[in-house]
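Shown next, in structure tokens, is the structure this report addresses.
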Amino acid sequence: MDRPAFPDSILDALNPAQREAASIMDGPLMVLAGAGTGKTRTITHRIAWMIEQGVPASAILAVTFTNKAAREMRERVRHLTGRYDVRLNTFHSFCVMFLREEFPVLGRAPDFSIYDDGDALSLVKRVLDDASLDLETHKAQTVLNKIGRWKMREVPPREAQDTSDSLTKEVARIYEAYDRALVEANACDFDDLLLQALRILRDHDEVRARWNRRLTHVLVDEFQDTNTVQYALVQLLTADTGNLCVTGDQDQSIYSWRGAEPGNFDQFLEDHPEAPIVRLEQNYRSTKHILGAAASVISCNRYRIPKTLWTDIEDAEPVRVVGFVDDYDEARAIAKAIRDFEAEGIRPETIAVFYRTNALSLPVERTLLQEGIPYIVVGGLEFFGRQEVKDLLAYLRFLANPRDVVSLARILNVPPRGIGKKTREQVVTLAATQGRPIGDLLRDPDAFTDFTPRARAALTDFAEKLERFDSRRESPVGDLINEILNVTGYAEYWQKKSSKSGSLEPYQNLGQFVTLAQEFDRLQKGRLPEFLTQVALLTDHDRTERRDHAVSLMTLHTSKGLEFEAVVLIGAEHGMLPHAMSSDSLEGFEEERRLFHVGMTRAKRRLVITWAGARTRFGRRSAATPSPFLDELGDVGVEHHGGPTAEAVAIGERVEWDDDAHPLAQARKGTPVWHPDWGSGEIVGVQGRGQGLDRKAVVEFEDGRRVLVLRHSNLELREDDVF
DNA sequence: AACGATTCTGTTTTT
DNA sequence: CAGAATCGTT
Ligand SMILES: Nc1ncnc2c1ncn2[C@@H]1O[C@H](COP(=O)(O)OP(=O)(O)OP(=O)(O)O)[C@@H](O)[C@H]1O
């Protein structure tokens, strides 16, 4: 076991402000600071310091934003103190653990299933079906989103129905039915995990008091992205002790779409007026140019409290902004940039490519593959979202929780075994009318006497399989899964499929899942229930395989909290970043700006930002113009290359802006356009020949007509489907 | 009930 | 373009 070599050095590794924050052990505390100022480092050391001062490690709860961040912090604390038993959780994983212990207080069994968004969607569809509601007016996804918004704000179904709007009222009724269905299936969706835990802590003083004794100190990292329920939760967890420390940065709040409530900062100060606020101002990560450009961008946000941030890291190179003709060109330049970075001695593991949407990774991946540059895609829901993985998980969940209808419905006929939709629904209805867990019903040999002989045979066969799995419930999870794969013929099923039509991936994913389970068996204690608890909250972020000498590809959201020597931020275009779906309100637009700023501030030494004038999106080529954020970078230490106006220079290589690819090149009468000053308009006439940019356009705006030379007009197309 | 062919539909970010 | 939903044939 490693003991710390120099216990006294725990606080020595911090600057004075950080040290102040780390050494305040008791009472409320807020650490408010910009990117790269060592917030995470500070609370890690604070935890280590508390342990050194005699606080039991297991009495400390630190909440991080991702499992990965939790793991890393645990590793650092272990390194500093030799202790690894600090409770390091995400809000969700803490609540799962909490509910596994305390759910009986609400009369619920602790073997509940956890539904991800896909499962929740299935359940909503099921409810809509049962209520025979019009699927046209109620799209399942929309309904689920609305329910989610209620849940995040703690609005119960009854209250939601209290409205005069009949459509909303109907959705609220679905919400009620959905909640009931969750209880019947003994399942929790992600929001439920938080809500149920909150309910228990709020309504049961004894439980709250016990947990306050158990957890004497609570710390929350990335506080800017907590929602109201999460804040209420930590408030209750520290109601008696008052030892709540939060750290965050308003300028890095990028999850409002998931209910994140930056107002929690104010709420905290209102609830704890005596709380010291420690501000950290020295950035230890980035060079002056990078930090300056990022500061210049973020200062454009109206809703923001300005703060000081400085660095003494000198620059090697300026921040580069480069425009390309299209995404293909952009991708090739990215490959070249990576090679150049490597030639400079930057290790590939410390190079990252960021993008706004997952779809943007495709052309980059293809090019890197071609060029033989190893890469990994970090995060996303690729693996756990796969059909074959979800099927396997559904088997496991149904075995652990016999009431779990959604999981059962998923696998009852997987692989195909002659149990169609009709039989399936009959079984589900039968269980519902008898008020019996569907798993018990299925295992009952006399349950299906009224069914057709064919259906009965198939169901009996299925029941036999279930019983074989039951006898393995206490086995290592890897063995159980192998048993399932063999007995059901599911492995064979995919093997056949893949040999027929190409892709080996599904079959390999099954293998990966088995490996994952075996790893669990080897490294952790517990069987099926414990495995499910863990796996339900895993994301690809947590299982991204290590690959030597690989550069990292990820979304801007995933990049939060990380740092890289060199960053290439791609797709900086109008409609992409800021994304069209969130730029219609000022709040949305400013969050996009924060997102851009988060991406920029991940870079330590090198930052390249790219955009493409045309992108193959959706199988179609569509035009794009540079992101307005590019104009906000300032001009100190920032170089612009390429694009319609400036000389076209790629990262080291010349790329001409091709007039034909310019979105306005084919402008003609009737083309809808937009201008930054005059708003929406339509081209009512074009003067000049051909398709060039030197033509003049007569544009009808809301407040009148104007004649503009296309090349210098600053006009943008209102629709991106131009060609 | 199963499977293949066709049509449809939709793309923001994820615990 | 790709994944889901629907359709039509066996
Ligand atoms: N006092 C210090 N001395 C040396 N390096 C430091 C110090 N404080 C922080 N650092 C380094 O600065 C970098 C950023 O630290 P950290 O990740 O803790 O910052 P953060 O405030 O959590 O960042 P962000 O909010 O951008 O995710 C890390 O590489 C860290 O090791």
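Nothing here was measured: the structure is a model prediction, and the numbers come from that model. Labels below follow one simple rule: chain letters A, B, ... track the order of the sequence lines, proteins then strands, and each chain is numbered from 1.
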**Study point:** Flag, side chain of A:Ser93 to backbone of A:Thr90, donor-acceptor distance under 3.5 Å
**Key:** yes
Check your understanding: Would you say the side-chain atoms of A:Ser122 pair up with the backbone N or O of A:Gly118, donor to acceptor, closer than 3.5 Å?
Key -> yes
Practice item. May I ask you to say what A:Arg594 touches in the nucleic acid, namely base, sugar-phosphate or nothing, with a heavy-atom cut-off under 4.0 Å? Key: nothing
Exercise for review: Measure the distance from CG on A:Asp119 to P on B:dT15 and round it to the nearest whole Å.
Suggested key: 15 Å
Practice item. For the pair A:Asp391 and A:Arg410, find out whether any cationic side-chain nitrogen is under 4.0 Å from an anionic carboxylate oxygen. Key: yes
Exercise for review: Using a strict 4.0 Å threshold on nitrogen-to-oxygen distance, state whether A:Asp404 and A:Arg397 make a salt bridge.
Suggested key: yes
Sort me out a list of protein N/O and nucleotides 7-12 of chain B N/O pairs below 3.5 Å, or just none if empty.
| unit_1 | atom_1 | unit_2 | atom_2 | d |
| --- | --- | --- | --- | --- |
| B:dG10 | OP1 | A:Lys139 | NZ | 2.8 |
| B:dT12 | O2 | A:Arg356 | NH1 | 3.0 |
| B:dT12 | O2 | A:Arg356 | NH2 | 2.3 |

Study note, to complete from the structure: Atom CD1 of A:Ile419 and atom C1' of B:dA1 are separated, to the nearest Å, by 11 Å
**Study point:** A:Thr66 vs B:dT14: side-chain N/O to OP1/OP2 distance below 4.0 Å
**Key:** no
Check your understanding: Under 4.0 Å between a side-chain N/O of A:Lys151 and OP1 or OP2 of B:dT15, yes or no?
Key -> no
Review point. Between A:Arg108 and A:Glu102, does at least one N-O distance fall below 4.0 Å, as a salt bridge requires?
Key: no
Exercise for review: Can you tell me, in whole Å, how much space there is between the P of B:dT13 and that of C:dA4?
Suggested key: 16 Å
Review point. Nearest nucleotide by nearest heavy atom, which residue falls closer to the 5' end of DNA chain B, A:Gly418 or A:Asn67?
Key: A:Gly418
Point to revise | Under 4.0 angstrom between A:Asn89 side-chain N/O and B:dT15 OP1 or OP2 | key: no
Exercise for review: Answer yes or no: does a side-chain N or O of A:Thr558 lie under 4.0 Å from OP1 or OP2 of B:dT13?
Suggested key: no
**Study point:** Spacing of A:Leu233 atom CG relative to B:dT15 atom P, expressed in whole Å
**Key:** 19 Å
Exercise for review: Nearest whole angstrom, please: distance from the C1' of B:dT15 to the CG of A:Asp192.
Suggested key: 14 Å
Name each donor-acceptor pair under 3.5 Å that joins a side chain in residues 190-197 of chain A to protein atoms two or more places apart or in another chain, with its distance.
| unit_1 | atom_1 | unit_2 | atom_2 | d |
| --- | --- | --- | --- | --- |
| A:Asp192 | OD1 | A:Lys151 | NZ | 2.9 |
| A:Gln196 | OE1 | A:Arg199 | NH1 | 3.3 |

Check your understanding: Listed by chain and number, what are the salt bridge (charged side-chain N to carboxylate O under 4.0 Å, His left out) partners of A:Asp116, not counting sequence neighbours?
Key -> A:Lys390
Review point. Contact class for A:Phe91 (heavy atom, under 4.0 Å): base, sugar-phosphate, or nothing?
Key: nothing
Review point. With a 4.0 Å cut-off on heavy atoms, is A:Thr616 in touch with a base, just the backbone sugar-phosphate, or nothing at all?
Key: nothing
Point to revise | Check ion pair A:Asp461-A:Arg417 (N to O, under 4.0 angstrom) | key: no
Point to revise | Length of the CD-C1' vector between A:Glu591 and B:dT14, whole Å | key: 13 Å
Study note, to complete from the structure: Atom CD1 of A:Ile254 and atom P of B:dT15 are separated, to the nearest Å, by 11 Å
Practice item. Could you tell me the separation between the CG atom of A:Asp225 and the C1' atom of B:dT13, rounded to a whole number of Å? Key: 11 Å
**Study point:** Proximity to the side chain of A:Lys422 - top-ranked nucleotide from B:dA2, B:dT15, B:dA1
**Key:** B:dA1
Review point. Across the strands shown, which category fits A:Asn413 at heavy-atom distances under 4.0 angstrom: base, sugar-phosphate, nothing?
Key: sugar-phosphate
Point to revise | Gap between atoms CG and C1', on A:Leu362 and C:dC1 respectively (whole Å) | key: 10 Å
